[in-house]
Protein chains: 2
Amino acid sequence: MKIGQLSKVSGCSIQTIRYYEKEGLLKLPNRSEGNFRLYDEKALQELEFVKHCRSLDIPLSDIKTLLELKNKPEESCSSINNLITNQLKMVNKRIKELNALKSELQLMKKACSLTGNTVEACGIMTSLNS
Amino acid sequence: MKIGQLSKVSGCSIQTIRYYEKEGLLKLPNRSEGNFRLYDEKALQELEFVKHCRSLDIPLSDIKTLLELKNKPEESCSSINNLITNQLKMVNKRIKELNALKSELQLMKKACSLTGNTVEACGIMTSLNS
DNA sequence: TATAGACTCTATAGTTACTATAGGGTCAAG
DNA sequence: CTTGACCCTATAGTAACTATAGAGTCTATA
């Protein structure tokens, strides 16, 4: 199939597919006589793999690592485990940050609804200035 | 004070200060004879305001809006409230996404530790391929 | 005065992961 | 043949920084 079809089937934009190819995440596909990219089922699976990883916020560089490991079935999977562990750690960190952020924003909202309704008297502005 | 001092006092890098000035978040400062930027207490406060907003993940374009409103004390603060409400909504959304992501990563970790220890037999890889 | 090191300047490019656009080629149907 | 959909590469843009290059300023010291 051509790139437009792959895009539709995978839900990944044409430009992103080309980007992934350029970044080395996807193999160079065969080409038609007109130089159109030609993809098979295997290519679709690789793209789905990459997309799945992206949905986990795994950076492209790490996805590359995973793809390389995929080609070494006998290799120990400890590095995969480490990668996921690290990713989980970062996600936890980010959740924590966002919860703190959320708390502050909620306090601000409360500050606004309890005071007057001009910028000068706005509890949000006062809070942002502190 | 000069930019290096402002950077130290505010915890904001020199380059970021210049970036904020270029993006219109900070006013053009006075200059010395040698063309060095000169900042007063007011400028420091404005920078702290911007930094505080950034710590809330508020995008620069919205911060600009807030700064403009800051100069209109009589104006209604409803737009400020809307801005914070919207920001809160996005933060909640992101928290939700990250929690879903966390769950999947945790399942993966479990899958790995319960199976063998090669890439081929790795529950994480299996999961990423699905 | 000269020098050296710290500081400052502007311009430009790079980071990450896309996303859009320009200008041109391919292909199939009418 | 024409037209419109699809495809190609190259380049630039997005957001928010961050780094680097090359040159100027300033101050303390010899």
Side-chain angles (χ1 to χ4, degrees), chain A residues 1-26 28-40 43 46-67 83 86-87 90-91 94 97-98 101, chain B residues 1-26 28-40 43 47 49-67 83 86-87 90-91 94 97-98 101:
Chain A
M1 74 184 119
K2 283 179 289 189
I3 196 166
Q5 179 71 5
L6 182 68
S7 173
K8 284 195 180 62
V9 171
S10 64
C12 188
S13 77
I14 291 175
Q15 290 145 350
T16 303
I17 295 172
R18 290 202 195 103
Y19 175 67
Y20 287 159
E21 178 191 308
K22 189 183 172 201
E23 293 298 314
L25 293 166
L26 300 177
L28 295 186
N30 291 328
R31 300 276 185 142
S32 70
E33 277 197 22
N35 202 31
F36 287 10
R37 291 168 173 80
L38 300 175
Y39 298 99
D40 58 11
E46 294 276 313
L47 179 58
E48 302 271 14
F49 180 88
V50 174
K51 282 194 69 228
H52 193 170
C53 293
R54 285 302 301 134
S55 74
L56 298 173
D57 272 5
I58 298 177
L60 297 193
S61 53
D62 283 353
I63 298 174
K64 272 203 217 166
T65 301
L66 289 174
L67 285 166
L83 198 152
N86 196 52
Q87 190 64 14
M90 303 189 95
V91 168
R94 188 64 185 142
E97 287 168 359
L98 287 173
L101 206 161
Chain B
M1 74 184 119
K2 283 178 291 188
I3 196 167
Q5 179 70 8
L6 182 66
S7 173
K8 282 193 178 64
V9 172
S10 65
C12 189
S13 76
I14 291 175
Q15 289 144 348
T16 303
I17 296 171
R18 289 203 196 102
Y19 174 69
Y20 287 160
E21 177 191 308
K22 189 183 171 202
E23 293 298 313
L25 292 166
L26 299 178
L28 294 186
N30 291 327
R31 300 279 188 142
S32 69
E33 276 196 26
N35 202 33
F36 287 13
R37 290 169 173 79
L38 300 174
Y39 297 98
D40 56 12
L47 178 57
F49 180 88
V50 174
K51 280 194 69 218
H52 193 170
C53 293
R54 283 303 300 136
S55 74
L56 298 173
D57 273 4
I58 299 178
L60 296 193
S61 53
D62 283 354
I63 297 174
K64 272 203 219 165
T65 301
L66 289 174
L67 286 166
L83 198 153
N86 197 51
Q87 190 65 13
M90 303 188 94
V91 167
R94 188 63 185 146
E97 288 169 359
L98 286 174
L101 207 161

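Sequence lines set the chain letters: A, B, ... in the order given, protein chains first and strands last, and positions in each chain run from 1.
- In this structure, A:Lys51 does not pair ionically with A:Glu48, as no charged nitrogen and carboxylate oxygen lie closer than 4.0 Å.
- Residue B:Met1 places its CE atom among more than 12 non-hydrogen atoms of other residues, nucleotides or ligands, all under 6.0 Å distant.
- Between the OH atom of A:Tyr20 and the CG atom of A:Leu60 there is a distance of 6.0 Å, given to the nearest 0.5 Å.
- Across the protein-nucleic acid pair, B:Ile17 atom CD1 and D:dC17 atom C1' stand 13 Å apart, rounded to whole Å.
- A side-chain contact (heavy atoms from CB on, under 4.5 Å) with B:Ile3 holds for exactly one of B:Lys8, B:Arg37, B:Gln15, B:Glu21; it is B:Arg37.
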Reading 5' to 3' through nucleotides 9-21 of chain C, protein heavy-atom contacts under 4.0 Å coded B for base, S for sugar-phosphate only, - for none: BB------BBSBB

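- For the pair A:Gln87 (side chain) and A:Leu56 (backbone), a donor-acceptor distance under 3.5 Å is present.
- Side chains of A:Val9 and A:Leu47 form no contact here, defined as non-hydrogen atoms less than 4.5 Å apart.
- The shortest side-chain heavy-atom distance between B:Leu38 and B:Lys2 falls under the 4.5 Å cut-off.
- Distance, B:Leu25 CG to D:dC17 C1': 12 Å, rounded to whole Å.
- With values rounded to the nearest 0.5 angstrom, B:Leu25 atom CG is found 11.5 Å from B:Thr16 atom OG1.
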If you restrict it to nitrogen or oxygen atoms, what contacts under 3.5 Å exist between nucleotides 28-30 of chain C and the protein, and what is each distance?
none

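- Across every non-hydrogen atom of A:Cys53 and A:Leu66, the tightest pair is SG-CD1, 3.9 Å.
- One end of the helix from C:dT1-D:dA30 to C:dG30-D:dC1 points its axis 30° away from the other end's axis, with each axis taken from 5 pairs and the angle rounded to 10°.
- Using a 4.5 Å heavy-atom threshold, the side chains of B:Asp40 and B:Asn30 count as separate.
- Between the CD atom of B:Gln5 and the P atom of C:dA6 there is a distance of 17 Å, given to the nearest Å.
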